[in-house]
Asks: 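The structure is given below, and queries will be raised subsequently.
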Amino acid sequence: MSGFSIVDARGICKEFPNMTSPVLDDVSIDVQSGEIVALMGPSGSGKSTLMNILGCLDGPTRGSYSLGGRDVSTLTPRERAWVRLHYIGFVFQSFHLIADHTVLENVTLPLYYAGLDRDEREARALELIERVGLGDRLGHRPAQLSGGEKQRVAIARAVSGKPRLLLADEPTGALDTKTGNEVMELLLELHDSRALTLIIVTHDPEVAEFCHRQIFLRDGKIISDGSQHAAHA
Amino acid sequence: MRRTRSEVVGRAVRTAIRNPGRTILTMLGLAIGVGAFLAMVSFGTGARSSVMEQFEILGTRVVYIWGNMGRRDFGGSARPLTDADVEALLRDSMTIERVVPRVTEVQNVKSAYGRYPTKVTGTMPDFVHIREWPMLIGGMFDETDVTQRAKVAVIGTTIARELFGHRDPVGQTITVGSNLPLRIIGVLVSKGEQTTGEDMDEIILIPATTYQAFLGMPMGYHELMVQVRDLGLLETAMVEAIPIMRRSHRLADIEEDDFRMASPAQAAELARFVSTILTGLLIGIAAVSLLVGGIGVMNIQLVSVAERTQEIGIRSAIGASPTQIMVQFLAEAVVLSFTGSLAGVGLGWLAATLVAQAMSWSGTLSLLTMAGAAAFGTSVGVAFGYLPAKRAAQLEPIDALRHE
């Protein structure tokens, strides 16, 4: 399920004013549409910073990044917000649901920012919440849900805006093995049914097993980038 | 964008309801500020109109002239106020319509039912006209009674109650001093208490001639009440009266006036001026409290932005634009300020009503004032909500997300 480059980052450098060595040093990465990529490496290797740049949460110090054929390396904060809204979904290790919002409100939030009217938002969200198996939890607050349920809500929210690219930062990191596997299954299902490109930041080899391709970073550089036999190939 | 403004407000209301502690804290400052503002406005206007009423009791268009007889600081040379002064004023002035003299001393007063030492006033029939004082029952004594030194009296409601209880006093007799029986021919309507606490209804009026004949007035009259033809002539009348009085008292050029003169209208003017300044001062203080309320909104909103940094990061990561985040926080400031201001209007109205009742002032807060205070309070809150909203909008999403 590959075709064109959705992520085409070249010579990405990221420096922070208070650090002597760059966090990312000349990183180039090309992800085809529909790929499932694991971004791996020890802590401090720069993988979170790379994810932030790929997710348009931050811009690179140098280098070019084009997302879906569009150059996004030099956007204003407002333009980056627009790109995130329409192209990217995020799943985080600690779920990052909004605590005083219900399940339904959390899932509809991106659609609210996209300017959809209430009926359309709720119709789309309901379908997704059913899909992730939480149809009976619509009015619950995050605090009333288990970790696995929270991550399902977060995944529903991440894909509700029909993004092309889903970035997951340690999506199973806060979950036990069984729940973690269920979450990975759900991500793969959504990948298949929604033509998603998935980039998963992880240091869990079991999670990496699910992916078509593993990229290893160390000290801000890519040290290996290759396909291996994926469990779900 | 099909997203309506009402939805932005709806979300802000929901956030306010779901975080009651924060909401109440934010509203409190503004509520107190707006409440204090309204209370001060109401106290100011209430006190002022009450002061004005007090002066109106003393009669409009009236100048009072007092003698200096018996005043130690004046030496012994002052002449008493007499009927000759009354005649001179009426004869020589172009502006004076009426002159009513008054002499008042505390006397022992008895009826068949009780005894009450009180002030007895000798005066003329026009007393009730100058003081704009209607009769409750019976009538005022007339010129004939004055000429004949009639033994009649008109009393206030306090005297009627003290000496006759619930009986009809008209036609009854009171005895003043050791041996002056007076027939009561009328009762004045009640004027209540003055702000000084003086009971206006503790009054006995008898003809000045009767007073002079049977009680004596070695010091002359205590006071001449001079009514001018028109309120606009008050100043002229006062200027005019001085040489007339000086001639009547045969004062040499080097001698000081042996009388004093003042008008309630002038005093009222002064009182109005003073109370305007005081009202302004009160409103100034209240405006400061409103400002402090606004700063309170800002502080709580700043804390709220800090507290919700991660939430802002999440919203931003999801794709909320800086403008959308700013609008969210501004909308919350609007909702909180508006609700807080409304609560303040309620508080202020309550305080104003309670105080007005306690002080028996008339209703003082207009709808316009209350609406204005609410609008002002809301704008203060929104103005101070801007900085926190801007700060929220400018947060970097990655920093905000990492914030725990």
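Please read all numbers here as calculations on a predicted model, not as lab measurements. Chain identifiers are assigned alphabetically (A, B, ...) following the order of the sequence lines, protein sequences preceding nucleic acid strands; residue numbering begins at 1 within each chain.
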Asks: Working to the nearest 0.5 angstrom, can you tell me the gap between His101(A) NE2 and Ile314(B) CD1?
Replies: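 Rounded to the nearest 0.5 Å, the NE2-CD1 separation comes to 10.0 Å.
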
Asks: Considering residues, nucleotides and ligands other than Ile277(B), do more than 12 of their heavy atoms fall under 6.0 Å from its CD1?
Replies: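 Enclosed: over 12 neighbouring heavy atoms sit under 6.0 Å from CD1 of Ile277(B).
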
Asks: Quick one: what part of Ile88(A) sits under 4.5 Å from any heavy atom of chain B, side chain, backbone, both or neither?
Replies: neither

Asks: For chain A, which of Ser321(B), Ala393(B), Ala317(B) has the most heavy-atom pairs under 4.5 Å?
Replies: Ala317(B)

Asks: Sorted by first residue and then second, give each side chain to side chain donor-acceptor pair (under 3.5 Å) pair with at least one member in residues 330-339 of chain B; sequence neighbours left out.
Replies: Arg308(B)-Glu332(B), Gln328(B)-Glu332(B)

Asks: Does anything in residues 53-68 of chain A get under 4.5 Å of chain B by heavy atoms, and if so which residues?
Replies: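 Within residues 53-68 of chain A, the residues under 4.5 Å from chain B are Leu57(A), Asp58(A).
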
Asks: Taking atom NE2 as the centre, does His140(A) end up with more than 12 heavy-atom neighbours from other residues, nucleotides or ligands that are less than 6.0 angstrom away?
Replies: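 Check passes, neighbour count above 12.
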
Asks: Only pairs at least two apart or in different chains count here, so list each salt bridge (charged side-chain N to carboxylate O under 4.0 Å, His left out) that has a residue in residues 83-108 of chain A.
Replies: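 Residue pairs with at least one partner in residues 83-108 of chain A: Glu105(A)-Arg14(B), Glu105(A)-Arg18(B).
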
Asks: Below 4.5 Å from any heavy atom of chain A, which atoms of Ile318(B) appear? Answer side chain, backbone, both or neither.
Replies: both

Asks: Count the heavy atoms of every other residue, nucleotide or ligand shown that sit under 6.0 Å from CD of Glu189(A), and state whether that count exceeds 12.
Replies: yes

Asks: Checking His86(A) against chain B: side chain, backbone, both or neither under 4.5 Å from a heavy atom?
Replies: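 For His86(A), neither part sits under 4.5 Å from chain B.
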
Asks: Rounded to the nearest 0.5 Å, what separates atom CD in Gln324(B) from atom OH in Tyr112(A)?
Replies: 7.0 Å

Asks: Give the minimum heavy-atom separation between Ala81(A) and Ala320(B), together with the two atoms involved.
Replies: CB-O, 3.6 Å

Asks: Is the OH atom of Tyr87(A) crowded by more than 12 outside heavy atoms at less than 6.0 Å?
Replies: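 Check fails, neighbour count at 12 or below.
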
Asks: More than 12 heavy atoms of other residues, nucleotides or ligands under 6.0 Å from CZ of Arg141(A): yes or no?
Replies: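 Count over threshold, so yes.
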
Asks: To the nearest 0.5 Å, tell me how far Asn52(A) CG sits from Leu401(B) CG.
Replies: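 The CG atom of Leu401(B) is 8.0 Å from CG of Asn52(A), to the nearest 0.5 Å.
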
Asks: To the nearest 0.5 Å, what is the distance between OH on Tyr113(A) and CD1 on Ile325(B)?
Replies: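 So the OH of Tyr113(A) and the CD1 of Ile325(B) are separated by 6.0 Å.
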
Asks: Any side chain to side chain donor-acceptor pair (under 3.5 Å) involving residues 389-399 of chain B? Give me the pairs, sequence neighbours left out, ordered by first then second residue.
Replies: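 As it turns out, there is no side chain to side chain donor-acceptor pair (under 3.5 Å) pair with a partner in residues 389-399 of chain B once direct neighbours are skipped.
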
